[in-house]
2 protein chains.
Amino acid sequence: MTLRGKHLDIAASSAVNGRAPAAKAATIRDVAERAKVSVASVSRVLNGSDAITETTRQRVLDAVAHLHYVPHVGARSLSTSRTDTIGVILPDLYGEFFSELIRGMDLAARAHGKHLIVSSSHGDTEETMAALRSMRGRVDGMIVLSPHVRAANLAADVAGRTPVLVMNGGLDEGGRPAIAVDNHGGAVAAVEHLIATGRRRIAHIRGAAGNLEADIRAEGYASALVGQDPIIVEGDFTQAAGHRAATQLMALDQRPDAVFAANDMMALGALLAFQEAGVRCPEDVAVVGFDDVPLAALVRPTLTTLRVNIAEMGRRGVERLIGLVQAGANAEADTACEIVRPALVVRQSTAAAATAGSNPDQTAASLS
Amino acid sequence: MTLRGKHLDIAASSAVNGRAPAAKAATIRDVAERAKVSVASVSRVLNGSDAITETTRQRVLDAVAHLHYVPHVGARSLSTSRTDTIGVILPDLYGEFFSELIRGMDLAARAHGKHLIVSSSHGDTEETMAALRSMRGRVDGMIVLSPHVRAANLAADVAGRTPVLVMNGGLDEGGRPAIAVDNHGGAVAAVEHLIATGRRRIAHIRGAAGNLEADIRAEGYASALVGQDPIIVEGDFTQAAGHRAATQLMALDQRPDAVFAANDMMALGALLAFQEAGVRCPEDVAVVGFDDVPLAALVRPTLTTLRVNIAEMGRRGVERLIGLVQAGANAEADTACEIVRPALVVRQSTAAAATAGSNPDQTAASLS
DNA sequence: CTGTTAGCGCCTTCAT
DNA sequence: ATGAAGGCGCTAACAG
């Protein structure tokens with residue numbers, strides 16, 4: 001007890017001596033002392049809760065100003081068990097898709113006064129778990145993007161009581177809150193568009209094996225083909241993979257006259273490979289991507305793709321998660337898997353040879 | 001109330017029945033109880049500190065496993081006053097520059113077992129301050145990227161005892177730890193390259209007014225000109241601005257035969273504008289960007305630019321900050337402003353008309 | 001080696 | 001309207 005008293009004295013003296021930004025940061029107790037009120041009152045003023053005399057309110061605010069006091073969020077969250085922070089676990093931080101996603105999430109988070117703590121798992125299930133664990137108690141809820149179903153589900157378990165929103169493209173999340181892109185529908189739309197514009201040998205550059213979204217898109221592609229066998233080349237969602245795959249395709253006996261790449265970056269890689277080889281797009285070969293990253297409208301020829309509105313999806317994810325957090329125990333109520341329907345955006349890369357060069361950016365109706 | 005009680009019952013029962021992930025998370029005390037030891041021992045085992053009997057260690061680990069116990073990081077950091085988290089405040093989250101930067105930072109952070117909490121301030125000084133304040137107690141240190149000097153310096157003040165690393169391109173940070181790009185040197189190199197390849201009327205598309213980096217680059221541009229007056233058009237670092245600016249330039253009586261854009265995105269915008277207008281690059285006009293975002297090597301013509309190695313810079317920033325945090329009170333020792341020298345990367349967009357089409361990606365020696 | 005206990009900084013009943 | 005006091009979950013002396 002006596003010891004404690006001493007401590008306070010020291011803190012007080014150093015606090016009193018000037019508006020020093022260094023030294024030990026002021027605590028709520030310092031403020032209380034300086035304002036001659038109890039910590040409770042300070043707390044009240046700062047949280048705008050109960051009714052407080054205008055006099056004390058001013059006294060407190062003055063003290064706060066003089067001391068450069070800023071409440072310690074960590075301590076606060078320990079007693080309120082809220083952190084006002086949401087965690088995001090991504091498989092990777094590379095490429096325009098994820099940066100757009102984070103941008104959208106940040107926007108929504110800021111709008112709701114939440115913080116965003118991001119972490120990438122490099123696609124590794126073990127790392128995903130580690131990230132999840134280390135986030136416990138640090139966040140009010142998390143959004144997990146894992147290309148592997150297992151990982152996503154495990155994630156939801158490890159999280160314990162913390163709400164988890166899964167965004168990994170699988171439509172069946174076992175009744176967990178989720179947001180997913182209609183990968184199947186998108187792939188089908190891509191192929192149908194190619195067929196409609198007269199293409200007859202349509203190849204597919206797929207994403208990494210084992211990646212859920214890659215699987216579904218490939219499956220959608222195959223199911224939409226008419227009168228031809230699937231021609232599938234492996235890829236991994238990177239521009240380099242698209243380049244390699246396109247090279248392989250050009251070496252085939254019967255060259256395809258159209259390519260549907262599982263994402264835009266690979267489509268771009270393919271576009272470049274074709275260009276370098278003197279294969280003209282869209283005249284000799286049409287190309288369709290997926291995602292509609294900003295870049296897609298910037299390259300020449302501009303890229304036909306499936307618009308996902310990535311930032312919007314990120315925004316939506318954060319808002320939904322915030323809802324889950326607020327719902328608390330009732331969260332069981334929300335187990336819906338929200339589906340995002342990509343919209344086909346027709347650009348130059350799939351113009352029928354005859355009409356090549358027409359309007360570079362005409363958006364078709366949404367799939368839904 | 002009754003309704004709520006019912007809900008809770010349900011939750012509870014579901015928790016009891018099996019290794020339920022729900023229910024209230026176990027605390028260190030629960031573990032201690034179940035393992036028949038004191039909380040101190042549990043803490044010891046978990047932190048691998050002191051020596052512990054193998055017996056108790058096992059007992060603790062068992063209990064931890066059975067209870068799905070995960071230490072509460074928030075509480076821990078309250079007593080250790082460490083958060084193992086570093087905060088990053090960016091002016092914006094849009095564009096490839098920042099996504100690359102975050103990627104590099106994430107890599108370094110993960111390597112050191114730190115978390116990353118990001119926040120954008122939309123270039124607004126007030127928002128930057130708010131972000132800083134709200135990070136207190138939540139991070140061990142922060143990295144601030146603010147295009148405005150004032151903001152950056154203010155930031156360092158508001159932060160109080162928390163180490164702050166400034167990365168806003170200003171070389172003079174008043175003795176604060178900082179990392180900056182040699183914007184002046186880069187701009188000069190760009191102009192000199194253009195002159196060396198025979199260009200005589202060199203224009204500049206500058207970044208937003210009031211933006212420190214934009215100012216320095218513009219100044220560097222002007223200082224390197226030989227035998228011509230500066231031709232400067234306003235921009236704001238976006239691709240659209242570059243497009244507009246290029247359009248303005250084409251309308252001039254005496255068209256420039258070269259353009260140095262303050263960043264790659266604007267250079268790309270200009271490239272497109274020229275293309276649409278039928279002005280050939282590099283034959284009619286050469287274009288140089290700044291940053292070397294991944295995209296620069298993907299467009300056609302490939303873009304000559306100043307490589308900054310963004311991800312590496314992000315990595316470096318995090319490592320330096322971690323150093324500052326560890327140094328603690330001795331932090332005053334490190335007040336150096338580390339300078340990153342961009343390297344000129346010559347690509348197709350500045351090929352002299354005669355040699356146009358040569359090697360698309362030859363890197364020149366670094367400036368340093 | 002292990003248990004006890006006092007805080008870390010804040011919020012929040014419970015009295016007054 | 002305000003003050004006093006008991007935690008939140010964990011770590012770190014300080015005894016045994």
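A note on names: the letters A, B, ... follow the listed sequences, proteins ahead of strands, and every chain is numbered from 1.
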Trainee: So which heavy atom on A:Leu145 is nearest to which on A:Phe98, and how close?
Mentor: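 Looks like CD2-CE2, 4.1 Å.
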Trainee: Whole angstroms only, please: what is the CD1-C1' distance between B:Ile52 and D:dA12?
Mentor: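 Checked: the CD1 to C1' distance equals 14 Å.
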Trainee: Between the main-chain N or O of B:Arg76 and the side-chain N or O of B:Thr80, is there a donor-acceptor pair closer than 3.5 Å?
Mentor: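 Checked: pair present.
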Trainee: Per the side-chain contact (heavy atoms from CB on, under 4.5 Å) rule, which among A:Val325, A:Asp140, A:Val73, A:Leu78 passes with A:Thr83?
Mentor: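 Of the listed residues A:Val325, A:Asp140, A:Val73, A:Leu78, the side-chain contact (heavy atoms from CB on, under 4.5 Å) partner of A:Thr83 is A:Asp140.
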Trainee: In whole Å, what is the span from the CD atom of B:Glu33 to the P atom of C:dT2?
Mentor: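 B:Glu33 atom CD is separated from C:dT2 atom P by 19 Å.
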Trainee: Please report the distance, rounded to the nearest Å, between NZ in B:Lys36 and P in C:dC1.
Mentor: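 Roughly 24 Å, once rounded to whole Å.
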Trainee: So A:Ser77, base contact, sugar-phosphate only, or nothing? Heavy-atom distance under 4.0 Å.
Mentor: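 Since no nucleic acid heavy atom lies under 4.0 Å of A:Ser77, the category is nothing.
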Trainee: Whole angstrom is fine here: how far is it from CD in A:Gln58 over to P in D:dT2?
Mentor: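 Checked: the CD to P distance equals 13 Å.
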Trainee: So, the side chain of A:Arg59 versus the backbone of A:Ala35: is there a donor-acceptor pair under 3.5 Å, distance only?
Mentor: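 Side chain of A:Arg59 to backbone of A:Ala35, a donor-acceptor pair under 3.5 Å: yes, one is there.
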Trainee: Give one of base, sugar-phosphate or nothing for B:Val37, where a contact means two heavy atoms less than 4.0 Å apart.
Mentor: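 The residue B:Val37 makes sugar-phosphate contact but no base contact.
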Trainee: Round to a whole Å and report the spacing from CZ of A:Arg59 to C1' of D:dG3.
Mentor: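 Taking CZ of A:Arg59 and C1' of D:dG3, I get 13 Å after rounding.
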Trainee: With the criterion being N/O to N/O and under 3.5 Å, what pairs connect the protein with nucleotides 14-16 of chain D, and how long is each?
Mentor:
none

Trainee: Using a 3.5 Å distance criterion without hydrogens, assess whether the side chain of A:Thr53 forms a donor-acceptor pair with backbone atoms of A:Thr55.
Mentor: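 Absent.
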Trainee: Residues two or more places apart in sequence or in another chain: which of them pass salt bridge (charged side-chain N to carboxylate O under 4.0 Å, His left out) with B:Glu33?
Mentor: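 Salt bridge (charged side-chain N to carboxylate O under 4.0 Å, His left out) list for B:Glu33, sorted by chain: empty.
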Trainee: Is there a donor in the side chain of B:Arg138 and an acceptor in the side chain of A:Thr85, or the other way round, less than 3.5 Å apart?
Mentor: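 Yes, because at least one side-chain N or O of B:Arg138 sits under 3.5 Å from a partner of the opposite role on A:Thr85.
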Trainee: Rounded to the nearest angstrom, tell me the gap between atom CG in A:Asn47 and atom P in C:dT13.
Mentor: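 Rounding to the nearest Å, CG of A:Asn47 and P of C:dT13 are 12 Å apart.
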Trainee: Set out, line by line, the N/O atom pairs under 3.5 Å between protein and nucleotides 7-9 of chain D.
Mentor:
residue: D:dC8; atom: OP2; partner: B:Arg29; partner atom: NH2; Å: 3.4
residue: D:dC8; atom: O2; partner: A:Ser79; partner atom: N; Å: 3.4
residue: D:dG9; atom: N2; partner: B:Ala75; partner atom: O; Å: 3.4

Trainee: Does B:His112 reach the main-chain N or O of B:Lys114 with its side chain, forming a donor-acceptor pair under 3.5 Å?
Mentor: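 Answer holds: no.
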